[in-house]
Amino acid sequence: MRGFPLKQKGNLLRIEKSKLDLFRGTLDVLILKALVWGPLHGYAITSLIRRQSDDALLVEEGTLYPALWRLENKKLLEAEWGLSENNRKAKFYRLTTEGRQQLRQETKTWEAYAMAVAKVLGAVQPPLPEESA
């Protein structure tokens with residue numbers, strides 16, 4: 001997965017290509033979230049993630065398909081063949097009940113992680129010393 005660190009462009013903060021290295025497991029939760037609205041084929045999943053992140057997160061095929069295979073093997077996704085918008089044969093993925101449960105759990109974990117990182121980054125002074133027992 002490629003991404004971009006922050007760069008000021010007008011009033012928008014943009015992320016500069018090649019600088020954002022996402023943590024392991026991030027792609028899985030992004031895929032699960034992309035499928036919350038219904039079945040999608042691989043290209044549609046990458047497109048949704050890219051558009052939803054304002055072009056900050058680019059998922060390459062070589063990263064996407066092993067992740068889809070892994071999620072399918074874990075029974076978090078199911079797949080079936082169908083026709084894409086341009087009448088091409090494509091494998092469509094959809095969330096299973098287990099996949100929805102995993103997404104809820106992973107979302108809570110990411111929200112807690114983001115809050116903890118924000119506390120550290122937003123600190124204006126060091127924490128008080130711990131009291132010894």
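Positions are given from 1, in the same order as the sequence printed here. As a basis for the values below, the full set of heavy atoms in this structure was taken, side chains included, without hydrogen atoms, waters or symmetry mates.
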**Study point:** Non-hydrogen atoms of Phe92 and Ser84 that approach each other most closely
**Key:** CZ-CA, 4.0 Å
Point to revise | Any side-chain donor near an acceptor of the partner, Ser47 and Arg51, under 3.5 Å | key: yes
Check your understanding: Atom NE2 in His41, atom CG in Leu83: separation rounded to 0.5 Å?
Key -> 10.5 Å
**Study point:** Trp81 to Lys89 - nearest heavy-atom pair and separation
**Key:** CE3-CG, 3.7 Å
Check your understanding: Name the one of Leu68, Leu71, Leu76 that satisfies side chain to side chain contact (heavy atoms under 4.5 Å, CB included) with Asp28?
Key -> Leu71
Study note, to complete from the structure: Value for CG (Leu48) from NZ (Lys33), rounded to nearest 0.5 Å, stands at 10.0 Å
Check your understanding: Can you find a heavy atom in the side chain of Arg100 that is under 4.5 Å from one in the side chain of Val36?
Key -> yes
Check your understanding: What is the distance from atom CG of Leu95 to atom CD1 of Ile31, rounded to the nearest 0.5 Å?
Key -> 10.5 Å
**Study point:** Student check: side-chain heavy atoms of Met115 and Glu111 closer than 4.5 Å
**Key:** no
Review point. When rounded to the nearest 0.5 angstrom, what distance separates CG in Leu30 from CG in Leu35?
Key: 11.0 Å
Exercise for review: Please lay out, stage by stage, how Thr96 and Leu77 fare under the test side-chain contact (heavy atoms from CB on, under 4.5 Å).
Suggested key: CA-CA 5 Å; Thr96 61; Leu77 302 180; 5.5 Å; no
**Study point:** Working for side-chain contact (heavy atoms from CB on, under 4.5 Å), residues Gln102 and Leu32
**Key:** CA-CA 8 Å; Gln102 182 72 19; Leu32 295 175; 3.9 Å; yes
**Study point:** For Ala34 against Ile45, the heavy-atom pair lying closest together
**Key:** CB-CG2, 4.2 Å
Exercise for review: Look at atom OH of Tyr43 and say whether more than 12 heavy atoms of other residues, nucleotides or ligands are closer to it than 6.0 Å.
Suggested key: no
Check your understanding: In this structure, are over 12 heavy atoms from other groups packed under 6.0 Å from Gln52 atom CD?
Key -> no
Review point. Going from CG on Leu103 to CH2 on Trp110, what distance comes out if it is rounded to the nearest 0.5 angstrom?
Key: 13.0 Å
Revision key, fill the gap. Taking every heavy atom of Glu61 against every heavy atom of Pro66, the minimum-distance pair comes out as O-CD, 4.0 Å
Check your understanding: So Val29 and Thr109, side-chain contact (heavy atoms from CB on, under 4.5 Å) or not? Walk me through it.
Key -> CA-CA 11 Å; Val29 75; Thr109 300; over 6 Å; no
Check your understanding: Is Thr63 reaching over with its side chain to a backbone N or O of Val59, donor-acceptor style, under 3.5 angstrom?
Key -> no
Check your understanding: Got a second to check how far Trp69's CH2 is from Lys74's NZ, nearest 0.5 Å?
Key -> 11.0 Å
